[in-house]
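Note sheet for the following structure.
In the text below, chain A, chain B and the rest are named by the order of the sequence lines, each starting its count at 1.
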Amino acid sequence: MIALRGLTKEFPGGVRAVDSLDLEIGDGEFFALLGPSGCGKTTLLRTIAGLETPTSGRIEIGGVDVTGTPPGRRDVAMVFQDYALFPHMDVTANIAYPLRIRKVPRAEREAKAAETASRLSLSELLDRRPGQLSGGQQQRVALARAVACRPKAFLFDEPLSNLDARLRLEARTFLKRLQRELAVTTVFVTHDQSEALALADRIAVMSAGRITQLGTPSEVFRRPATTFVASFIGSTPMNLLPGVAGDGALRVAGAEFPLPDGTPEGEVLYGLRPEYADLTTREPGEKGAFSGKVAVVENLGTAHLVTLECADHLLQVVVPEGAEPPPGTAAWVVPRPGRALLYRDDTLVGGA
Amino acid sequence: MARLRHDRADMSAPMVSGKHSLTFVVPALVLIGVFLVFPALWTVYLGLTDYRLTGLAAADPRVVGAANYAEALGDERFRTSLWLTVQFVLGSAVLGQAVLGFAIAWALRDRRGPLKSVTEGLVLLAWILPSSVVAFLWIALLDRDGGTLNAILHTPGFAWLLDHPMASIIVFNVWRGTAFSMMLYGAALENVPPSHLETARLAGASTLQQLRDVVLPHIKGHVLTNLLLITLWTFNDFTAFQLTAGGPDGRSEILPVYIYNVAMSGGRLGFGAAVSFLVLVVNLVLAFAYLRLLRSRGEVRPS
Ligand SMILES: Nc1ncnc2c1ncn2[C@@H]1O[C@H](COP(=O)(O)OP(=O)(O)OP(=O)(O)O)[C@@H](O)[C@H]1O
Ligand SMILES: [Mg+2]
């Protein structure tokens with residue numbers, strides 16, 4: 001278990017990269033730190049590793065306070081974005097390096113390296129130098145080096161971001177399976193929300209050194225706590241439209257919906273994921289629909305992203321293959337019941 | 001593949017065929033000839049004569065063949081001088097400047113602010129001051145009566161330059177030349193990816209292990225280049241003459257000083273030229289050895 005208590009890291013110059021952060025990561029959990037560039041993910045990870053000294057706060061790994069412990073004695077393994085493979089050592093020597101530092105006898109550590117390598121399908125490459133490997137292979141060697149020494153925790157800093165899109169998907173699945181098999185607590189830093197959703201047991205969405213939302217991927221996806229999270233999570237950004245709640249109704253961009261119980265009156269932001277709405281070209285009977293004109297149609301492969309102009313606002317909807325209307329058509333958008341979210345002062349106040 | 005080969009053939013074509021490309025090289029060749037080859041050959045020739053600064057042999061030098069070389073190699077003073085030079089090079093260049101320069105560069109590698117600038121400034125100052133000024137400063141420092149060092153150590157009347165001439169010029173040359181190594185290693189250390197060092201730290205590697213496993217493999221080329229340059233410079237360095245003039249009793253008479261003493265003070269230009277040529281040969285051997293190492297690096301496999 002990794003526990004952070006009031007952890008703060010302030011860089012000289014006054015940047016608070018991590019701001020009094022409290023967090024508990026369970027044993028064997030796959031935990032993702034997600035956030036935009038510069039929000040402090042790497043700094044947090046490096047502070048856990050001991051590569052940065054916290055300004056204040058405490059870090060516990062496996063119930064032991066390691067705040068003042070040097071990185072080499074924390075028993076964690078980190079995979080860097082650039083993999084950091086030693087160019088002058090072959091794959092075996094790279095994988096066995098942490099074991100060599102721990103004075104594991106040569107035969108034993110080479111056997112261990114070979115075993116780990118075979119698990120990560122690297123057996124053919126044991127004698128190569130990193131320079132003779134593809135990006136994906138280098139990434140697996142870096143993983144193998146982390147795995148071989150059986151640490152208490154894995155710390156990954158965007159290990160997939162240097163791979164091309166296709167390989168990234170493969171590596172993602174591979175990584176998840178490996179983590180399941182080893183059941184080692186894993187902290188995974190990424191700015192790619194799809195990666196976090198796909199891999200993690202829990203996600204912490206960070207912004208400006210703080211955790212904005214903490215939850216399982218489906219919690220974070222279904223009920224983003226703030227508009228920041230709402231716009232950050234999801235492969236197509238959530239629609240966020242200004243609206244007014246009052247007189248038992250919710251009026252947004254020319255459409256009117258019944259106001260759910262308990263929603264305070266006043267101005268709100270109405271959030272709707274493009275996937276959680278249906279598009280029709282025939283006027284629906286009931287009142288709760290946006291009406292507008294198709295402005296842009298983008299092909300997503302198995303679906304289309306349709307952008308509508310509704311009363312001065314743009315509304316995006318994902319439409320299944322073959323059902324996309326041509327630009328210029330009049331169309332209506334019906335939100336699926338219970339899928340819309342209402343925000344006031346940037347916090348979630350209810351659904352609609 | 002075929003295309004590639006074709007391109008390469010095209011690129012090298014002008015170099016092979018162009019006759020007038022020679023025209024561009026000729027001026028440089030002439031300069032090299034006048035300023036490098038001719039003096040070198042002249043030295044070789046002089047080394048075979050009994051040419052002197054003054055007297056009969058100055059007007060009419062005789063060719064004496066390899067007599068100068070035979071004399072030098074058999075001369076106790078020459079061999080002592082060679083040995084002192086080896087001490088001087090190993091002590092002040094390889095151990096002193098390279099190790100100290102690296103240590104400073106390593107200690108300052110991710111420091112910012114005044115400490116770094118002040119240290120670098122001071123070290124650089126030693127490097128850019130004119131050698132006569134530096135020599136004067138050091139004489140003032142080491143002087144037997146009223147020298148700064150004696151005042152600091154409360155050892156009045158201790159004659160550093162007389163009692164420890166070699167140690168004095170070694171320390172002097174370390175002080176004077178460390179800046180170059182420090183700058184070179186400072187730049188080299190920037191090439192070491194921080195993530196590699198951090199990977200080693202996370203594995204629990206000590207500083208020495210980090211240096212061995214991460215830093216050294218990355219800066220091997222820089223180390224060799226540095227050693228080559230400072231070895232050659234120190235081998236041929238004459239500044240120490242201004243401190244001890246080779247004395248007392250030749251106890252700090254390194255080769256450049258020895259050559260000066262026999263050729264200029266002793267007036268035996270022919271003999272001096274022969275010794276110079278020997279020094280040149282030693283330098284060439286050293287340079288080739290380093291260059292071979294430099295070229296073969298990367299093929300060495302770690303254990
Ligand atoms: N060594 C440092 N000195 C000063 N400020 C730093 C240092 N490292 C990071 N910062 C600052 O701390 C903040 C957080 O940086 P960090 O590298 O943790 O961001 P990140 O979330 O990992 O971003 P990215 O996704 O781009 O990698 C940034 O504002 C950055 O400028
Ligand atoms: Mg980062």
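The shortest distance between side-chain heavy atoms of B/Leu202 and A/Leu51 falls below 4.5 Å. Within the 4.5 Å cutoff, side-chain heavy atoms of B/Glu198 are placed close to those of A/Arg46. With contacts defined as side-chain heavy-atom distances shorter than 4.5 Å, the pair A/Phe86/B/Thr199 qualifies. Side-chain atoms of A/Pro87 and B/His218, non-hydrogen and from C-beta on, do get closer than 4.5 Å to each other. Counting heavy atoms from C-beta on, the side chains of A/Arg100 and B/Asp213 come closer than 4.5 Å.
Counting heavy-atom neighbours within 6.0 Å of A/Arg73 CZ, excluding the residue itself, gives a total of 12 or less. Counting heavy atoms of neighbouring residues, nucleotides and ligands inside a 6.0 Å radius, atom CD of A/Glu124 does not exceed 12 of them. In B/Arg111, the CZ atom is not crowded: 12 or fewer heavy atoms of neighbouring residues, nucleotides or ligands sit closer than 6.0 Å. Counting non-hydrogen atoms of other residues, nucleotides and ligands closer than 6.0 Å to CE of B/Met183 gives a total of 12 or fewer.
Only the backbone of A/Leu85 comes within less than 4.5 Å of a heavy atom in chain B; its side chain stays farther off. No part of A/Val79 comes within reach of chain B, as not one of its non-hydrogen atoms sits under 4.5 angstrom from that chain.
Note: B/Ser195 leads B/Ser195, B/Pro194, B/Ala203 in heavy-atom pairs under 4.5 Å with chain A.
Atom CD1 of A/Ile101 and atom CZ of B/Arg201 lie 13.5 Å apart (nearest 0.5 Å).
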